[in-house]
Amino acid sequence: MAKLLQYGMVGGGPGSFIGVAHRKAIALGGKAVLVAGCFSSKIEKSLKTAGELGIAEDRTYADFKEMAKAEAGKLDFVTIATPNNTHYACCKAFIEEGINVMCEKPLCFGIDEAEELVALAKEKDVVFGVMYGYTGNAMTKFAKQLIAEGKIGDVINVSAEYPQEWLIDQLDPSTSRTAQMSVWRTDPKVSGISNCVGDIGTHIENTVAYVTGLHPKRVAAKVDYFGHPLDLNANILVEFNNGASGNFWCSQVAVSHRNGLKLRVYGTKGMLEWHEEDCEYLTFCAKGEAPQKMARNCGYVYGRAAEVAHIPSGHPEGFYEAFSNIYDSFTSTIAKKKAGEPLTEADLDFPTCVDGMLGVKYLHAVIDSGKNDSAWREVK
Ligand SMILES: NC(=O)c1ccc[n+]([C@@H]2O[C@H](COP(=O)([O-])OP(=O)(O)OC[C@H]3O[C@@H](n4cnc5c(N)ncnc54)[C@H](O)[C@@H]3O)[C@@H](O)[C@H]2O)c1
């Protein structure tokens, strides 16, 4: 039996969102076991989570720098699931100890920080993933496959959106209701230069890049703040590196929407459409033909999309499975690297720190454009 990898986590303490999702996704894959953590910056909270998870007290920390030093040589990887303001220092602390990293997005605040992390990861030869989770969905993988095979021809336009409504009360100063979930996102000290574009707009940029292979070359953005320090809504025109056009809309004040990530990719010979809230399906339409709604893990689905199937078609897979698929490639890369075995394309099918860096560059170009009357800005 293959030996389980040993991992640690920073973040994911009591009441938190995404660290818990990481733990469930890793457990689903069954390739790694949690052995250490700094689940909160408060030791009593960190110990509470550690107790619930059966983590030894002497491997529970309130300071991630202390954890990185103490766990050097013991951990195969660390998952960083803290708010944005800690990502840079936390990634750096673990990379410097030679520990492989899976970090949440956005990778960090500044472009210089992102470039430094990419260079440091290379220098220390660590495996460095960034959790852009939607690239783990079977049907985004199938979209990528069909586009690479030329099924829709050359991509000429991408229309993508990510609307949510959870911050709608921010538009009404008279309401006493406040959003309960992770309000740190609206605080520049914790969130960085952006709230909405950083939190969900970067998912659009990355998922489109994964599926199409295209990256924004320049952007022109109308970014809406509604009197708040950080953005809540943005409409972004995109010119891709192949000359194709795009329009990306992200919002946290879009009434009726929960997690409405939707991509529509138009090519010279056809189109593809994928929606996160209906993520088991991919709609394909060839020019002149009726649209086909294709379902995950059916006989006509092949390639990576078929390889990542957990359960038979019709039994819904979703968010956790997508994360788990990313971890499957990430942990496989780590295990094979340790064993000196060659890596396959499937092993390398996870978002990396370079993708994280591109996300930070995109974010800065969008926010800069928004602050300059929607002037075009190069993504660089
Ligand atoms: N990939 C995705 O789909 C996705 C989804 C949600 C959130 N995220 C990202 O995940 C990160 C966390 O978001 P969240 O919604 O889970 O936030 P959260 O507020 O729910 O949880 C953050 C956790 O980090 C802990 N923490 C804060 N500072 C810490 C420190 N210095 N040391 C140790 N622990 C610390 C908190 O105690 C808490 O347990 C953010 O960067 C966010 O952008 C990504």
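Hydrogens, waters and symmetry mates play no part in the numbers below; they use all other heavy atoms, side chains included. Counting starts at 1 for both ligands and their atoms, in listed order.
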field: Heavy-atom side-chain contact between Tyr88 and Leu117 under 4.5 Å
entry: yes
query: After noting the C-alpha distance and the side-chain angles of Phe226 and Gln170, does the key distance pass the side-chain contact (heavy atoms from CB on, under 4.5 Å) rule?
result: CA-CA 8 Å; Phe226 303 108; Gln170 299 253 326; over 6 Å; no
statement: Going by the 4.0 angstrom heavy-atom rule, the piece of Asp199 near ligand 1 is side chain
- prompt: Would you call the rings of His22 and Phe323 parallel, tilted or perpendicular if under 30° counts as parallel and over 60° as perpendicular?
  reply: perpendicular
statement: Heavy-atom proximity to atom 13 (O) of ligand 1, picking from Trp184, Phe17, Phe319, points to Trp184
- prompt: Looking at Tyr210, does the NZ or CZ of Lys144 lie under 6.0 angstrom from its six-membered ring centre and within 45 degrees of the ring axis?
  reply: yes
message: Test of understanding: given a 4.0 Å heavy-atom threshold, classify the contact between Tyr61 and ligand 1 as side chain, backbone, both, or neither.
response: neither
- prompt: Under 3.5 Å between some N or O of ligand 1 and some N or O of Glu104?
  reply: yes
- prompt: Which of the numbered atoms in ligand 1 are below 4.0 angstrom from a heavy atom of Ser41?
  reply: 30 (C), 31 (N), 32 (N), 33 (C), 34 (N), 35 (C)
- request: Could you go through the side-chain hydrogen bond (donor to acceptor under 3.5 Å, both in side chains) check for Tyr162 and Asn259 one step at a time?
  value: CA-CA 7 Å; Tyr162 199 153; Asn259 200 56; 2.7 Å; yes
message: Regarding atom 1 (N) of ligand 1: of the candidates Glu276, His22, Met131, Met67, which has the closest heavy atom?
response: Met131
query: Is any side-chain heavy atom of Arg258 closer than 4.5 Å to a side-chain heavy atom of Glu277?
result: yes
message: With a heavy-atom distance limit of 4.0 Å, tell me whether His87 approaches ligand 1 through its side chain, its backbone, both, or neither.
response: side chain
- prompt: Does at least one non-hydrogen atom of His203 fall below 4.0 angstrom from an atom of ligand 1?
  reply: yes
- request: Would you mind telling me which of Asp349, Asn325, Thr140 makes a side chain to side chain donor-acceptor pair (under 3.5 Å) with Arg304?
  value: Asp349
query: Which ligand 1 atoms are under 4.0 Å away from a heavy-atom of Phe39?
result: 25 (C), 34 (N), 37 (O), 39 (O)
- request: Start with the C-alpha distance between Tyr302 and Phe142, add both sets of side-chain angles, then the distance that settles ring-ring contact (aromatic ring centres under 6.0 Å, His included), and finish with yes or no.
  value: CA-CA 7 Å; Tyr302 52 90; Phe142 199 44; 5.2 Å; yes
- prompt: Mind checking whether Arg185 has a heavy atom under 4.0 Å from ligand 1?
  reply: yes
field: Full working for side-chain contact (heavy atoms from CB on, under 4.5 Å) between Met294 and Tyr281
entry: CA-CA 5 Å; Met294 300 182 289; Tyr281 300 95; over 6 Å; no
statement: The residue among Met131, His87, Met9 that forms side chain to side chain contact (heavy atoms under 4.5 Å, CB included) with Ile80 is His87
From the candidates Ser40, Pro106, Gly12, the one that places a heavy atom nearest atom 37 (O) of ligand 1: Ser40
task: Give the atoms of ligand 1, by number and element, whose distance to some non-hydrogen atom of Cys38 is under 4.0 Å.
output: 32 (N), 33 (C), 34 (N)
- request: Run the numbers for me: atoms of ligand 1, each under 4.0 Å from some heavy atom of Ser16, listed by number.
  value: 20 (O), 21 (O), 23 (C), 38 (C), 39 (O)
field: Asn84, Asn85, Ile18: member with heavy atom nearest to atom 41 (O) of ligand 1
entry: Asn84
message: Can you confirm whether or not the ring centre of Phe330 sits under 6.0 Å from the ring centre of Phe77?
response: yes
query: Of the backbone atoms (N, CA, C, O) and the side-chain heavy atoms from C-beta on, which set of Ser46 has a member under 4.0 Å from an atom of ligand 1: side chain, backbone, both, or neither?
result: neither
message: Any nitrogen or oxygen of Pro83 lying under 3.5 Å from a nitrogen or oxygen in ligand 1? Just yes or no.
response: no
statement: If we number the atoms of ligand 1 from 1 as shown, the ones under 4.0 Å from a heavy atom of Phe323 are 1 (N), 2 (C), 3 (O)
statement: Quick note on ligand 1: atoms under 4.0 Å from a heavy atom of Thr82 include exactly 11 (C), 12 (C), 24 (O), 26 (N), 29 (C), 33 (C), 34 (N), 35 (C), 40 (C), 41 (O)
task: State whether the shortest distance between N or O atoms of Thr86 and N or O atoms of ligand 1 falls below 3.5 angstrom.
output: no
query: Is Lys124 salt-bridged to Glu96, cutoff N-O under 4.0 Å?
result: no
message: I need the atoms of ligand 1 closer than 4.0 Å to a non-hydrogen atom of Gly13, numbered in the order shown.
response: 39 (O)
